[in-house]
Amino acid sequence: MNHLVEVHNIGMKYQSLNGEITALEDINFSVQDGEFVSIVGPSGCGKSTLLSIISGLLVSTAGTVLLGGEKVTGTSGKVGYMLQKDHLFNWRTIYQNVILGLEIRKMLTPETKERALRLLKTYGLYEFKNKYPNQLSGGMRQRVALIRTLVTDPQILLLDEPFSALDYQTRLMVNDDIYAIIKKENKTALLVTHDIAESISMADRVVLLSKRPGTVKQIYAIKVNCANRTPLYSREAPEFRHLFQEIWKGLDVHV
Amino acid sequence: MSNLEPEISPPMTRTSAFSQEHKVYLRRLKMEKQWILFIQVVIFVVAIALWEICANAKIVDPFITSQPSRIIKTIIRLYEEGVLFQHIGITCLEAFVGFVSGTLLGTLIAIGLWWSKFLCKILEPYLVVFNSLPKIALGPVFIVWIGAGPAAIIVMTLAISLIVTVLEILNGFLAIDAEKIKLIQTFGGTKLHILTLVVLPASLPTIINALKINVGLSWVGVIVGEFLVSKAGLGYLIVYGGQVFKLDLVMTSVIILGVAATLMYQGVVFLEKLLVKNNL
Ligand SMILES: Nc1ncnc2c1ncn2[C@@H]1O[C@H](COP(=O)(O)OP(=O)(O)O)[C@@H](O)[C@H]1O
Ligand SMILES: [Mg+2]
């Protein structure tokens with residue numbers, strides 16, 4: 001298997017008037033092509049920082065990131081990023097929101113427009129293409145946000161707690177929804193979350209980060225026994241509880 | 001168990017047949033609205049009538065308070081002399097030009113300050129001083145520099161409204177969610193993309209708000225300007241009327257001014273309805 005993402009010895013220090021904050025220290029892991037990897041860690045341990053570095057938005061103070069074998073030096077079309085909130089623009093229609101990335105990357109061609117419409121159609125949003133975001137439910141908005149990312153055809157999706165703004169029931173449903181889309185489109189994904197159950201339910205591997213300065217504490221391989229794996233079924237698999245206990249212990253939460 | 005069918009979103013669920021209670025509710029709302037309008041009209045009519053009656057009965061001195069009938073006569077006289085629309089036109093034009101240029105210039109400066117945080121930090125103390133300064137004090141300076149004419153009046157208007165506009169709009173720019181900007185950056189967007197795709201459209205409500213404040217400030221600027229320099233316009237009529245004790249002329253001008261300023265404000269409200277549909 002080839003490594004799509006390789007993170008080598010990444011370290012990050014933020015400078016501020018009050019001193020220096022070491023957010024990340026000596027992070028090493030990799031993501032294989034087609035894999036779904038979750039990163040779990042307590043809040044403030046540097047998860048968002050790590051994604052920003054992988055995407056090229058932020059320059060690390062130590063180490064290198066390789067994307068498809070090439071060193072990351074800035075943002076590129078290889079990476080699709082999904083943020084905590086959908087951030088759909090209320091002044092744009094659903095279709096106009098979906099083609100935002102194409103517009104910025106100057107990729108608007110008849111083919112890409114066609115792809116945008118096809119994705120909207122496949123994921124049940126075609127009839128809403130001329131509606132505005134405030135006419136959609138939270139789950140649908142998150143789906144539009146994913147399509148906005150997918151339409152630029154990235155090699156890897158970076159998801160930064162994209163479900164944390166949703167209420168619990170919606171979250172379970174959107175987990176399944178987004179997971180199904182990612183699998184159907186054959187995308188590699190790196191999901192950041194502070195929710196252990198969510199990380200297990202979706203991932204092939206879970207990378208556990210320690211609290212600040214974030215270091216890789218442990219990497220867990222997730223193998224769940226269910227015929228047709230979806231996040232919701234995974235939660236019912238017999239291994240689930242065991243994995244949860246293990247990661248929970250590793251996370252070492254103190255009140 | 002992936003659910004790929006669209007759910008019906010809450011704002012779109014609406015039953016077509018209204019219940020009896022809903023009809024009653026709507027009717028009550030409508031009644032209330034009509035009552036409010038009715039009472040508003042009554043207050044207006046009674047106030048005008050009282051003013052007229054008291055002046056006729058010499059309870060108040062119409063020489064000082066003027067009275068509705070004399071105001072109408074004054075308007076007719078100004079109209080027959082052919083100067084009514086000339087005065088209104090000049091003042092409105094000055095206010096409009098001051099208003100538009102204040103808004104445009106203010107937005108441009110705000111964009112500049114947003115673009116360069118460094119420039120913003122350098123200029124901050126100057127902005128604070130200019131914002132605190134009573135700009136009217138600069139009136140005589142403008143007259144000397146620019147000459148006693150409409151140009152000085154427009155500059156006066158600008159002086160009053162510009163800094164407020166800049167600060168208001170800049171605050172709007174800076175309040176934009178950093179994550180929205182990050183979104184643009186994840187697509188490799190430049191600063192110009194951030195400005196045109198997020199900052200300006202998201203700030204439209206702020207800009208409209210600045211417009212609303214500016215309408216009022218422009219009229220202040222124009223009237224002060226006309227007090228100081230002009231030979232025509234509503235401000236000039238007020239000063240002139242005051243000097244020769246023609247309170248009819250003063251009252252008439254104030255009332256026309258009120259109507260004109262309200263119309264301009266309503267124009268902005270209309271613009272808002274046109275533009276800010278989906279920015280909520
Ligand atoms: N721009 C910044 N300047 C200084 N410190 C920062 C900055 N961004 C994040 N940090 C700090 O780095 C640490 C990690 O932040 P973040 O990556 O957002 O954590 P997480 O996403 O895991 O909650 C936090 O303690 C945060 O305060
Ligand atoms: Mg975070």
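Just so we're on the same page: letters track the sequence lines, and every chain starts at 1.
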| query | B:E179 and A:Q84: which non-hydrogen atoms are nearest, and at how many Å? | reply | OE1-N, 4.4 Å
| query | Which atom pair, heavy atoms only, marks the closest approach of A:S52 to B:K182? | reply |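 The answer is OG-NZ, 3.2 Å.
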Is the number of heavy atoms from other residues, nucleotides or ligands under 6.0 Å of [X] [atom1] greater than 12?
{"X": "B:F96", "atom1": "CZ", "result": "no"}
{"X": "A:Q15", "atom1": "CD", "result": "yes"}
{"X": "B:K30", "atom1": "NZ", "result": "no"}
{"X": "A:K187", "atom1": "NZ", "result": "yes"}
{"X": "A:E239", "atom1": "CD", "result": "yes"}

| Gap separating the CD1 atom of A:I104 from the OG1 atom of B:T186, nearest 0.5 angstrom | 7.5 Å
| message | How long is the straight-line distance from CG of B:L200 back to CH2 of A:W91, given to the nearest 0.5 Å? | response | 10.0 Å
| query | Do B:F187 and A:E103 pass the side chain to side chain contact (heavy atoms under 4.5 Å, CB included) test, and can you show the C-alpha distance, the side-chain angles, and the key distance before you say yes or no? | reply | CA-CA 9 Å; B:F187 287 121; A:E103 231 175 273; over 6 Å; no
| What part of A:S55 lies closer than 4.5 angstrom to a heavy atom of chain B: side chain, backbone, both or neither? |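 The answer is neither part of A:S55.
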| said: Could you go through B:L197 and A:R92, starting from their C-alpha distance and side-chain angles, then the distance that decides it, and tell me whether this counts as side chain to side chain contact (heavy atoms under 4.5 Å, CB included)? | reply: CA-CA 10 Å; B:L197 293 173; A:R92 285 175 161 242; 3.3 Å; yes
| From CA spacing to verdict: side chain to side chain contact (heavy atoms under 4.5 Å, CB included), A:T75, B:Q185 | CA-CA 8 Å; A:T75 55; B:Q185 289 170 334; 5.7 Å; no
